[in-house]
Peer 1: 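Before I ask anything, let me first share the structure, which is written out below as structure tokens.
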Amino acid sequence: MKRRFPRMIAAALALTLLLSVTGCGSSDGKTHLTFQIWDIAQRDGMQAMCDAYTAQHPDVVIEVQVTSWSEYWTKLEAAAESNTMPDIYWMHTDQILYYADFGILADLTDLYDAEDPNFYADHYSEISLSNASGTDGKLYGVPKDKDNVLLVYNKEMFDAAGVAYPDESWTWDDMEAASAQIYQKTGKYGYMAYSDEQLGYWNFVYQNGGYILDENNVYAGYTQPATAEAIKYYVGLQQNDWCPNQAYFAETTPGTAFFSEQGAMFLEGNWNLLNELKNYPEMVGKWDIAVLPKCPNPVSGDGRATISNGLCYSTAAKGKNLEVVKDVLRFFGSEEGQRIQGESGAAIPAYNGLEDTWSTVFQQFDYMIDVQKCYDQFDYVVQYINNATRRKWKSTVADEMVRIYNGADIDQSLAHMQEIADSYVESAS
């Protein structure tokens with residue numbers, strides 16, 4: 001993807017930074033807004049929120065548009081360069097600092113008014129607000145949702161192998177022992193250690209007391225002893241017969257393997273659970289979820305951690321309909337708007353106290369998975385990893401992790417990862 005925002009900055013962002021052309025010259029006299037998202041499974045939930053707002057404001061029309069994740073950011077950046085940004089769009093933690101620091105996003109800090117009973121910062125957790133913030137501490141988004149990572153397991157495979165289901169007492173040792181017994185008894189894979197960050201080794205690093213970024217989100221910790229120990233453990237899992245290697249995952253995702261009943265366990269984000277129940281109706285009742293197994297002997301801490309992220313709603317800094325959009329975003333962040341999102345099943349609301357509204361949609365199935373486990377883990381979540389420089393070294397680190405899985409010396413690779421990450425911090429200072 002081409003990166004041309006710096007050139008735009010030099011040209012004063014084309015004088016009229018990101019003017020939205022949406023809504024101009026409408027023949028019906030209404031304000032027409034576009035709302036861009038990347039998940040078709042959440043479209044109905046987003047549309048329900050929009051419909052609730054426009055029912056109260058009939059002079060506004062909001063069109064929800066869905067673009068696939070693989071195209072979303074390419075199209076959004078192209079829209080920024082051509083001054084045709086959508087009026088409202090989802091913003092991801094991986095991207096918000098990039099867009100906010102270049103002045104692309106509208107400052108929404110004034111929406112968080114403690115005097116406003118329908119919208120103020122205390123409604124959101126520190127993680128939710130941080131995910132909506134720029135490096136300057138200002139807020140460039142309205143928190144949308146929150147999530148964490150869970151262990152998904154196949155009940156039938158556990159039963160066939162005579163293994164008790166995972167529970168809160170489970171440790172990494174229990175996960176390995178169950179995997180070995182399931183493989184021995186059924187010939188199916190046990191835990192499938194996929195090469196991923198949020199849905200993979202990051203969780204193990206923090207469970208062991210390590211870190212990818214320090215507490216100030218500045219310096220990486222790849223060579224920190226607890227981090228290195230956890231990464232070595234996670235990578236080493238694929239040396240077991242019960243765990244596929246990364247060549248297998250290049251052809252088959254762990255989710256695909258799980259729902260084709262080739263493996264017994266994998267890590268999954270709670271945002272995918274509803275869709276998986278709908279997409280694999282023949283599997284309903286055969287699987288459930290558990291909290292992540294904890295590290296049995298952490299270098300520090302109690303051995304529990306799960307990565308938590310959350311999206312936010314953002315808009316362009318110079319959008320033509322900025323004041324109208326801000327009012328829409330105020331509604332999206334209100335108790336009413338967040339409740340609609342939760343009850344639609346789109347995602348767990350970021351709004352504190354409304355988490356369990358998301359549970360109601362799971363009651364439609366003959367077997368209701370234990371979604372309470374999602375809420376239980378919020379007591380020890382770790383914020384999704386991001387800082388202003390990570391965008392520049394993220395792909396290099398990912399490439400180095402591939403080399404590790406393919407047999408490269410782990411200590412040398414971790415040292416290289418640390419060197420690359422540190423070099424960007426030093427160049428920025």
Peer 1: Using 4.0 Å as the upper bound for N to carboxylate O, is an ion pair formed by Glu197 and Arg390?
Peer 2: yes
Peer 1: Judged by atom type as modelled, is there a donor-acceptor pair below 3.5 Å linking the side chain of Asp147 to the main-chain atoms of Asn270?
Peer 2: no
Peer 1: If only atom types and distance count, is the side chain of Gln418 paired as donor or acceptor with the main-chain N or O of Ala220 below 3.5 Å?
Peer 2: yes
Peer 1: Walk me through it: do Trp202 and Tyr384 pass the test ring-ring contact (aromatic ring centres under 6.0 Å, His included)?
Peer 2: CA-CA 9 Å; Trp202 280 1; Tyr384 185 92; 5.3 Å; yes
Peer 1: State whether Lys320 and Asp87 are salt-bridged, where the test is any N-O pair (Lys NZ or Arg NE/NH1/NH2 against Asp/Glu carboxylate O) under 4.0 Å.
Peer 2: no
Peer 1: Go through Asp376 and Tyr380 one step at a time and tell me if the side-chain hydrogen bond (donor to acceptor under 3.5 Å, both in side chains) criterion holds.
Peer 2: CA-CA 9 Å; Asp376 292 344; Tyr380 47 84; over 6 Å; no
Peer 1: Let me see the working for Phe258 and Tyr189 under ring-ring contact (aromatic ring centres under 6.0 Å, His included), right down to the final yes or no.
Peer 2: CA-CA 9 Å; Phe258 181 86; Tyr189 293 119; over 10 Å; no
Peer 1: A cation-pi test, strictly: NZ or CZ of Lys146 under 6.0 Å from the centre of the six-membered ring of Phe378 and no more than 45 degrees from its axis. Yes or no?
Peer 2: yes
Peer 1: Taking atom CG as the centre, does Asp366 end up with more than 12 heavy-atom neighbours from other residues, nucleotides or ligands that are less than 6.0 angstrom away?
Peer 2: no
Peer 1: Looking only at non-hydrogen atoms, find the nearest pair between Ala193 and Phe249 and report the distance.
Peer 2: O-CE1, 3.6 Å
Peer 1: Using 30° and 60° as the class limits, which term best fits the ring planes of Tyr280 and Phe259: parallel, tilted or perpendicular?
Peer 2: parallel
Peer 1: Given 3.5 Å as the limit, does a donor-acceptor pair link the side chain of Asn208 with the main chain of Val205, or not?
Peer 2: no
Peer 1: Sub-3.5 Å donor-acceptor pair from the side chain of Tyr194 to the main-chain atoms of Leu267, do we have one?
Peer 2: no
Peer 1: Could Lys144 and Trp90 be counted as a cation-pi pair, given that NZ or CZ must be under 6.0 Å from the ring centre and within 45° of the axis?
Peer 2: yes
Peer 1: So do the side chains of Val60 and Leu33 get within less than 4.5 Å of each other, counting heavy atoms only?
Peer 2: yes
Peer 1: With sequence neighbours left out, write down each residue that passes side-chain contact (heavy atoms from CB on, under 4.5 Å) with Glu215, or none if nothing qualifies.
Peer 2: none
Peer 1: If you round to the nearest 0.5 Å, how far is CG of Asn352 from CG of Asp122?
Peer 2: 8.5 Å
Peer 1: Any Lys/Arg nitrogen of Lys373 or Asp288 sitting under 4.0 Å from an Asp/Glu carboxylate oxygen of the other?
Peer 2: no
Peer 1: Of all heavy-atom pairs between Ile385 and Ile212, which one has the smallest distance, and what is that distance?
Peer 2: CG2-CG2, 3.8 Å
Peer 1: Apply the side chain to side chain contact (heavy atoms under 4.5 Å, CB included) test between Ile104 and each candidate in Gln95, Lys318, Met85, Met91; give the one that qualifies.
Peer 2: Met85
Peer 1: For Arg403, is there an ion pair with Glu400 - N to carboxylate O distance below 4.0 angstrom?
Peer 2: yes
Peer 1: Is a salt bridge present between Lys326 and Asp110, judged by a nitrogen-to-oxygen distance below 4.0 Å?
Peer 2: yes
Peer 1: Do Met368 and Gln363 come within less than 4.5 Å of each other through their side chains, counting heavy atoms only?
Peer 2: yes
Peer 1: Mind telling me whether Trp38 and Tyr72 have parallel, tilted or perpendicular rings, with 30° and 60° as the class edges?
Peer 2: perpendicular
Peer 1: Between the side chain of Gln246 and the main-chain N/O of Ser195, is any donor-acceptor distance below 3.5 Å?
Peer 2: yes
Peer 1: Give the intermediate values and the outcome of ring-ring contact (aromatic ring centres under 6.0 Å, His included) for residues Tyr112 and Tyr120.
Peer 2: CA-CA 4 Å; Tyr112 297 80; Tyr120 59 92; 9.9 Å; no
Peer 1: Looking only at side chains, do Thr253 and Thr256 share a donor and an acceptor under 3.5 Å apart?
Peer 2: yes
Peer 1: Heavy-atom count check: over 12 atoms from other residues, nucleotides or ligands less than 6.0 Å from Tyr219 OH?
Peer 2: no
Peer 1: Checking ring-ring contact (aromatic ring centres under 6.0 Å, His included) for the pair Tyr53/His57: CA distance, chi angles, key distance, verdict?
Peer 2: CA-CA 6 Å; Tyr53 179 85; His57 302 83; 4.0 Å; yes
Peer 1: In terms of ring plane angle, is the pair Tyr99 and Trp73 parallel, tilted or perpendicular, where the classes change at 30° and 60°?
Peer 2: tilted
Peer 1: Give a yes or no on whether the backbone of Tyr191 and the side-chain of Ser179 come within a donor-acceptor separation of less than 3.5 Å.
Peer 2: yes
